[in-house]
Amino acid sequence: MAPPATKADIQDDEELSDEQYNALKALKEEHRRAEIAHEIASHRRFASYYEMRRDRLKSISKFWPTALSNHKELEMALQHRDDILAFSHLTDFWVERSEKDPRIYTLEFHFSENPFFSSPVLKKEYKYEPSPPDDTASVPSTDIGEDGVSEAMIALDWDADVKPQKYQISWKSDSKNLTKLYPRKVEADDPTDVLEYGSFFNFFELQEDPANLGSILENDLFPDAIEYFLGKGTNNRDAMDEDSQDEDDSADDNSDAEEIDLERPKKKVKQA
C-alpha cells in the first residue's frame with residue numbers, strides 16, 4: 001500500500017502553485033481511495049463464490065496438494081521429501097479475511113491425520129498492528145464512508161502496519177518435527193539474509209516470511225487454484241520447465257550456427 005502523496009511525488013521540474021499542488025494531491029488521493037474501494041468490494045463480492053467452490057472441491061481427491069505443487073515458487077519451497085509427504089495430507093486451504101478490512105487475512109491449512117503433527121489446522125496470521133501515532137489527533141477514523149472505505153483503510157501501510165505471526169505446530173515427536181530436522185538458516189550478522197529456507201513448515205513457526213509465501217498463497221494460488229490444479233496457472237511449474245527448455249534449445253541453435261560458421265571452407269586465393 002503506497003503512502004499518501006507528497007509534494008515531491010507530484011512536483012517535478014515545473015514549479016507548481018500551492019493551489020495546483022493541492023488539486024493534484026486531491027486527485028491522487030481520490031484515485032487511491034477508488035483503488036482501495038474496488039479491491040475491498042472485489043474481496044467481498046467473491047466471498048460467496050469461494051464458499052461455494054470450497055464445498056465443491058471436497059469431492060476432488062488431492063486437489064490442494066496438486067494445485068500447490070504445480071505452482072513453481074511454492075513447489076520450490078517444498079524442497080524436502082518429508083514436506084511433500086506431509087502436504088499430501090492437505091485437504092483444504094482457506095483465506096479467512098478480516099471483517100473490518102478484507103485486505104487483512106489469515107491463511108488456514110487443513111490436514112487429515114498424518115505421521116507428523118496432530119494439529120488439524122495450521123494457520124499463518126497477518127495481523128494489523130499499526131504504529132502508535134505521535135498524537136491522538138492524527139489517528140485515522142475507522143468510520144466507513146459511502147464507498148466502503150475508511151480513513152484507516154487509506155492510511156494502512158502493509159510493510160509497517162501488518163505483522164506475520166508465529167503458529168506453534170503440535171508435532172507428534174522430535175523425530176517428526178520438520179522444523180528441527182530442516183531449520184531455516186540465516187546469516188549471523190543479518191537475520192534477513194536467508195542461507196537456507198529449510199522446511200516449508202518454518203513458514204508457520206517463525207514470524208518472518210522472507211520468501212513472501214503469504215502473498216503468493218493469498219494473491220495467486222488461492223484465487224487461481226483451479227488453473228493451478230489443471231497445470232495452467234500463470235506461474236505454473238511446467239511453464240518454467242518449458243521456458244528453460246526453450247532457452248536451452250535456443251542456445252543449442254546458436255551453438256550449431258557457430259559451428260557451421262567455423263566449419264565453412266575458406267575461399268581459395270587466386271594465383272597471380
Side-chain angles (χ1 to χ4, degrees), residues 1-3 64-90 93-96 103-109 111 114 116-117 119 121-131 156-225 228 233-241 243-244 247:
M1 186 62 60
W64 284 108
T66 302
L68 193 147
S69 63
N70 278 343
H71 191 292
K72 65 182 180 182
E73 291 170 272
L74 297 175
E75 189 261 346
M76 290 172 64
L78 290 168
Q79 59 181 300
H80 297 287
R81 181 180 178 278
D82 286 338
D83 282 346
I84 297 170
L85 179 57
F87 266 93
S88 70
H89 295 272
L90 182 68
F93 171 58
W94 185 250
V95 178
E96 185 66 33
R103 295 172 299 170
I104 308 300
Y105 57 85
T106 298
L107 305 176
E108 297 181 356
F109 297 75
F111 289 85
N114 64 82
F116 299 96
F117 46 84
S119 311
V121 182
L122 305 186
K123 297 182 180 182
K124 186 67 175 182
E125 180 184 5
Y126 290 81
K127 191 174 183 180
Y128 179 51
E129 295 180 344
S131 303
L156 184 144
D157 182 337
W158 183 271
D159 292 333
D161 299 335
V162 180
K163 306 291 191 301
Q165 305 296 304
K166 298 179 182 179
Y167 186 86
Q168 185 60 49
I169 300 172
S170 297
W171 299 101
K172 290 188 173 180
S173 67
D174 285 345
S175 65
K176 297 296 185 180
N177 186 335
L178 301 183
T179 58
K180 285 187 175 181
L181 295 173
Y182 313 109
R184 182 184 295 169
K185 298 178 181 179
V186 299
E187 187 66 50
D189 298 333
D190 183 6
T192 63
D193 185 4
V194 181
L195 303 176
E196 291 182 27
Y197 285 98
S199 171
F200 188 101
F201 291 90
N202 290 307
F203 169 67
F204 299 102
E205 293 203 329
L206 300 178
Q207 180 176 2
E208 298 79 10
D209 179 14
N212 204 28
L213 294 178
S215 177
I216 294 170
L217 288 157
E218 177 264 343
N219 195 45
D220 191 10
L221 179 71
F222 185 74
D224 292 335
Y228 280 108
T234 306
N235 292 307
N236 195 62
R237 177 188 59 190
D238 292 340
M240 178 179 67
D241 294 339
D243 290 342
S244 299
E247 290 177 4

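The figures here come from the full heavy-atom set of this structure, side chains too, leaving out hydrogens, waters and symmetry mates.
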Problem set entry | Any side-chain heavy-atom pair of E129 and V162 under 4.5 Å | no
Exercise. Who are the ring-ring contact (aromatic ring centres under 6.0 Å, His included) partners of W171, not counting sequence neighbours?
Worked result: F117, F201
For this session: May I ask you to test the P183-E196 pair for a side-chain heavy-atom distance under 4.5 Å?
Result: no
Exercise. Do the numbers put K123 on top of the ring of Y167, so that NZ or CZ is under 6.0 Å from the six-membered ring centre and no more than 45° off the axis?
Worked result: no
For this session: Drop me the distance from L74's CG to L221's CG, to the nearest 0.5 angstrom.
Result: 6.0 Å
For this session: Please answer whether the main-chain N or O of Y228 pairs with a side-chain N or O of N70 as donor and acceptor at a distance below 3.5 Å.
Result: yes
For this session: Kindly give the heavy-atom pair with the smallest separation between P223 and E218, and that separation in Å.
Result: CD-O, 3.3 Å
Problem set entry | K124 to F203 six-membered ring, cation-pi geometry met (6.0 Å, 45°) | yes
Seminar exercise, completed: In terms of heavy-atom contacts, L107 and G214 come closest through CD1-CA, 3.9 Å
Problem set entry | Shortest non-hydrogen contact between V186 and P191, atoms and distance | CG1-O, 3.4 Å
Exercise. How far apart are the C-alpha atoms of L68 and L78, what are their side-chain angles, what is the distance that settles it, and do they pass the side-chain contact (heavy atoms from CB on, under 4.5 Å) test?
Worked result: CA-CA 9 Å; L68 193 147; L78 290 168; 3.0 Å; yes
For this session: To the nearest 0.5 Å, tell me how far E125 CD sits from F204 CZ.
Result: 13.5 Å
Problem set entry | Test of ring centre spacing under 6.0 Å for F111 and H89 | no
Exercise. Do S69 side-chain atoms and T66 backbone N/O form a donor-acceptor pair below 3.5 Å?
Worked result: yes
Exercise. Can you check whether D82's main-chain N or O pairs, donor with acceptor, with H80's side chain at less than 3.5 Å?
Worked result: no
Exercise. Got a sec, which residues hit ring-ring contact (aromatic ring centres under 6.0 Å, His included) with F222, two or more places apart in sequence or on another chain?
Worked result: Y50, F93, W94
For this session: Could you pull out the closest heavy-atom pair between L181 and S175, with the gap in Å?
Result: CD1-O, 3.4 Å
For this session: For side-chain contact (heavy atoms from CB on, under 4.5 Å), just list the numbers for Q168 and E205, CA-CA rounded to whole Å, side-chain angles, deciding distance to a tenth of an Å, and then say yes or no.
Result: CA-CA 5 Å; Q168 185 60 49; E205 293 203 329; 2.9 Å; yes
Exercise. Taking atom NZ of K172 as the centre, does the number of heavy atoms from other residues, nucleotides or ligands within less than 6.0 Å exceed 12?
Worked result: yes
Seminar exercise, completed: Of all heavy-atom pairs linking S170 and S119, the shortest is N-OG, 3.0 Å
Exercise. So, the side chain of D161 versus the backbone of D157: is there a donor-acceptor pair under 3.5 Å, distance only?
Worked result: yes
For this session: Count the heavy atoms of every other residue, nucleotide or ligand shown that sit under 6.0 Å from NZ of K163, and state whether that count exceeds 12.
Result: yes
For this session: For the pair E187 and L195, evaluate side-chain contact (heavy atoms from CB on, under 4.5 Å) and give the outcome as yes or no after the intermediate values.
Result: CA-CA 6 Å; E187 187 66 50; L195 303 176; 3.8 Å; yes
Exercise. Quick check: does any side chain N or O of E96 sit under 3.5 Å from a backbone N or O of E108, one acting as donor and the other as acceptor?
Worked result: no
For this session: Output yes when a side-chain donor or acceptor of N202 lies under 3.5 Å from a complementary backbone atom of Y182, and no otherwise.
Result: yes
For this session: Side-chain contact test, heavy atoms from C-beta onward, threshold under 4.5 Å: evaluate it for I104 versus W158 and give yes or no.
Result: yes
Problem set entry | Straight-line distance of N212 CG to D209 CG, nearest 0.5 Å | 6.0 Å
For this session: Output the distance between atom CG (L213) and atom NE2 (H71), rounded to the nearest 0.5 Å.
Result: 9.5 Å
Exercise. Is any side-chain heavy atom of K185 closer than 4.5 Å to a side-chain heavy atom of V194?
Worked result: no
For this session: Check the pair K72, N236 against side-chain contact (heavy atoms from CB on, under 4.5 Å), reporting the backbone distance first and the verdict last.
Result: CA-CA 5 Å; K72 65 182 180 182; N236 195 62; over 6 Å; no
